[in-house]
Amino acid sequence: MKIFREWLEENRPDVKIPEEKEIPMTWFDKHNLPMIVACTCCQSTMVIFSALIDDDGHIYCSNCAGED
């Protein structure tokens, strides 16, 4: 499992995360990325930066991924 930032660096190296604390919605739109995602297992929603992503691209929350 990878955190979103690691996944993005590996799978979309052309996309750089802004340094700003609050990233505008336009950044997500520009790069065709969702801001909010749902856990594959429990369907709870979270901001994509909180998501954990497996090698097949499935998204998990920290509870379902077994992370603390």
Open item on the list: Using 30° and 60° as the class boundaries, would you call the ring planes of Phe4 and Trp7 parallel, tilted or perpendicular?
Closed with: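 Ring orientation, 0 to 90° scale: parallel.
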Looking at [atom1] of [X] and [atom2] of [Y], how far apart are the two atoms once the value is rounded to the nearest 0.5 Å?
X     : Y     : atom1 : atom2 : answer
Ser44 : Asn63 : OG    : CG    : 7.5 Å
Ile17 : His31 : CD1   : NE2   : 10.0 Å
Ser62 : Ile3  : OG    : CD1   : 12.5 Å
Leu52 : Met46 : CG    : CE    : 8.0 Å
Cys61 : Gln43 : SG    : CD    : 10.0 Å

Task: Test item: Glu10 side-chain N/O and Glu6 main-chain N/O as donor-acceptor pair under 3.5 Å - done: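 No.
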Open item on the list: Would the distance check show the side chain of Thr40 and the main-chain N or O of Ile59 forming a donor-acceptor pair, the cut-off being under 3.5 Å?
Closed with: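 Yes, Thr40 side chain to Ile59 backbone: donor-acceptor pair under 3.5 Å.
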Decide whether [X] and [Y] are clustered together by the hydrophobic rule: side chain heavy atoms of Ile, Leu, Val, Met, Phe, Trp, Tyr closer than 4.5 Å, transitively.
X     : Y     : answer
Ile53 : Val37 : yes
Val47 : Val15 : yes
Met1  : Leu8  : no

Open item on the list: Within the structure provided, determine whether Pro18 and Trp27 are in side-chain contact (heavy-atom separation under 4.5 Å).
Closed with: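 Side chain of Pro18 against side chain of Trp27, heavy atoms only: contact under 4.5 Å found.
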TODO: Look at Lys2 together with Asp54 and state whether they make a salt bridge at an N to O cut-off of under 4.0 Å.
DONE: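 No, this pair does not count.
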Task: Minimal non-hydrogen separation, Ala65 against Tyr60, with atom names - done: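 Looking at all heavy atoms of both residues, the closest pair is CB-CB, 4.0 Å.
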